[in-house]
Amino acid sequence: MENKKTPKPKAKNPAPKKAPQGDIIFALDIGTRTVIGVLAKKTSQGCKILDVESVTHAKRSMADGQIEDIKSVADDIKRVKRELENRNKITLSSACIAAAGRALKTLRASWEFKLPNNAPISAETLHNAEMDAVRRTCEDFMSKTESSAFYCVGHSVISLTLDGFKVQNAEGHRGEQLVTDIIGAFLPVYVVDSLCAAVDMARLSVTSLTLEPIAAMNAVVPTELRLINCALCDIGAGTSDVAVSRDGSVTAYGMSTTAGDEITEAIMKELLVDFNTAERIKTFSEKDITYTDILLMEHKITRDRIDKLIEPYARELAKTIAREIITANAVPPQAVFLVGGGSKLKGLSDYVAEELNIIPSHVISGRRELLRGIIAPEDMTLSAEHATPVGIALSVGEGVSYDFTTITINGRKLRAPDTSRLTVFELLSFAKITPEDMIAGNGKSMSFTVSGERITLRGEPPRAAEIIVNGKPGSLNTVVTKGDEITVIPAENGADASAHLSDYFDMAEIKSFTITLFGKKQRAGRYILMNGREITAERRIQEGDEISLVETETVGKLLTTHGITESVLLNYKPAAMESLLKSGDIISRAETSDEPASTSAPTPAPEEQKPANPHITVNGIEAEFPMRADGNPPIFLDIATAFSDNPTALLASAKTITINGKIARLDEEIHNGDVIIIE
């Protein structure tokens, strides 16, 4: 019987391969309510729009232009990316974005740039002067900002002055000094990082960044129209972003968090509906609409009724827009352009004109024709809400957005807008390294007195900060580029000066005990006085301490210390001056002293003073321990008894039993300054 081979299943038609992104621009407008993606290509005729895709956020994952839920926004970006890839048979790997948000700040500044050798000014020189102004504006802004680090997300050159004379275009002219008057726009790092994180999660790399009103301005008010004093307001769901132009430049930016969502929330409260239902009611264009409120009751409402309901809120929005325009422009502009989804609100342009006291026809909103400088099919859906994504594409094509430089600092990857010249210093704030971290000082000095001699010890010198760029030593001024790896080791203050008694005395020879001198209890031996207190154990010396060594271990030294010149007896016998003293010794006057008939201790003289209680340290705790009833020092067993009702068990279970670092004896006397450990 023949073996028949099982036929292999026929292969299905493989999916057609997708082309790489190449020079196609993928512009992403990550808005509060929607994510809009635009595919574009720069051509000799202008910016060609290839495709557009829009997705509404599945939930309220953004507020006031800032991301609240990164993963949810990333999922929406993936949906836009997938639709554009499938329709255009390409693989999108990078995106250009714009930033907005409630924390927008601006700074206007002027900077001088020395021109090289009085040569004709080239386009490259102009670019270098502009980027130098951007860099210095960033440094100036950071120095004035005490809060978190900020990114420069956009700028505009307001004017150029060549050797004291204003010029519209300095290229080809000669001069010595060019002054660039510039306005920079800044957002906190966390705002931009959250945008980038969402794009990363969608498996796209961020290649450029601009500011949303700058992008919209590029689409609606191109350079050739900026001689006219115009204002643009991009009204989204979360923010209303303003930019104004005059004399050929964009001169100011502004932002308000009053926008389309306020209208939606007003409908929610008036009609008792959820946010999505309110949004649907706000945007429907038919004569009437049926909806269900939160009480599960069905209603029908007309477009006219909705327009009347939202009119007071639309007027309030118009007041906010007018206020932001006046703040940015100082006076009412000649013309106002309203773009963004919120610009479609009925009557809004008239309300804005009324608030600004300008001719209503000079305020225009919500028309495709406002998008200038682009090439797009007539049947392509393009309207007012596409001003920002189209503007992003135009900004990239014209080279007026910032490329992103990814640099690693201390193992953390950072994105920084590339303003042509980045230094380690400029990146420190992004890595949350402060200037104070790079500066350190000497340790504190300390002065004290030992045996009458004033001693001053200097603190140790600081350890300087270290900067390593790609494995080699660098500095704050080292210029870094994309892919560089930087290690910054902050400076450390030098150690404070320190000293111990053992640095000046042999502590093994320090020991004191009690004797009786002429009927009075006295301390004798070899001990240290620190600020008037007797010390026999190791101590750390503190600032200002007064330290002296007391040497009364022999009869002669004791008598000299107390200024006694007469003859004495030691324990009722003649004493040699070199005789060593020990605890309990009695020294009496030779001419009045007779050996007692009994061995009992002599009756103290009437003037005898009660000896001071010793100050000791037990297991790190300083304490004053009482003398015995007979006036003699306490012994070690007294200490153990004070610590426990069962001192025998305590001592039996202890691993360490020491006095001044030496093994303790039960009958060993305890003196001032002793250090006892029972563990």
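Using a 4.0 Å cut-off between charged nitrogen and carboxylate oxygen, K71 and D75 count as a salt-bridge pair. Of the charged side-chain nitrogens involved, none lies within less than 4.0 Å of a carboxylate oxygen, so that D140 and R136 do not count as a salt-bridged pair. Taking a cutoff of 4.0 Å between a charged side-chain nitrogen and a carboxylate oxygen, D181 and R108 qualify as a salt bridge. Ionic pairing of E279 and K282 is present here: one or more N-O contacts between side-chain nitrogen and carboxylate oxygen are shorter than 4.0 angstrom. Look at E355 and R315 and you find no salt bridge, because none of the NZ, NE, NH1 or NH2 atoms lies under 4.0 Å from a carboxylate O.
Looking at heavy atoms from C-beta onward, V153 lies out of side-chain contact with I214 at the 4.5 angstrom threshold. Considering only heavy atoms from C-beta on, H386 comes within 4.5 Å of V52 through its side chain. V191 is not listed as a side-chain neighbour of V189, based on a closest heavy-atom distance of 4.5 Å or more. With contacts defined as side-chain heavy-atom distances shorter than 4.5 Å, the pair L370/V339 qualifies. Using a 4.5 Å heavy-atom threshold, the side chains of L50 and I24 count as touching. The closest side-chain heavy-atom distance from Q168 to L160 is not below 4.5 Å. Using a 4.5 Å heavy-atom threshold, the side chains of I489 and R463 count as touching. Looking at I374 and L382, their side chains come closer than 4.5 Å, going by heavy atoms from C-beta outward.
The backbone N or O of G31 lies less than 3.5 Å from a partner atom in the side chain of H57, making a donor-acceptor pair. Between the side chain of H155 and the backbone N or O of V134 there is no donor-acceptor pair closer than 3.5 Å. Panel note: side chain N470, backbone E485; a donor-acceptor pair is recorded below 3.5 Å. The backbone N or O of S475 sits less than 3.5 Å from a side-chain atom of T478, completing a donor-acceptor pair. Using a distance-only test at 3.5 Å, with no hydrogens or angles considered, a donor-acceptor pair links the side chain of S245 to the main chain of I228.
Residues passing the side chain to side chain contact (heavy atoms under 4.5 Å, CB included) test with S365 are L338, S343, S349, sequence neighbours excluded. The ring pair (Phe, Tyr, Trp, His ring centres under 6.0 Å) search around Y351 returns none, not counting sequence neighbours. Checked against side chain to side chain contact (heavy atoms under 4.5 Å, CB included), E83 has the following partners two or more places apart in sequence or in another chain: E53, R87. Every residue meeting the side chain to side chain contact (heavy atoms under 4.5 Å, CB included) condition with L225, not counting sequence neighbours, appears here in chain and number order: V221, P222, R372. Residues that satisfy the side chain to side chain contact (heavy atoms under 4.5 Å, CB included) test with N357, not counting sequence neighbours, are absent from this structure. Residues satisfying the ring pair (Phe, Tyr, Trp, His ring centres under 6.0 Å) test with F186, not counting sequence neighbours, are F141.
Within a 6.0 Å radius of CD in E224, more than 12 heavy atoms belonging to other residues, nucleotides or ligands are found.
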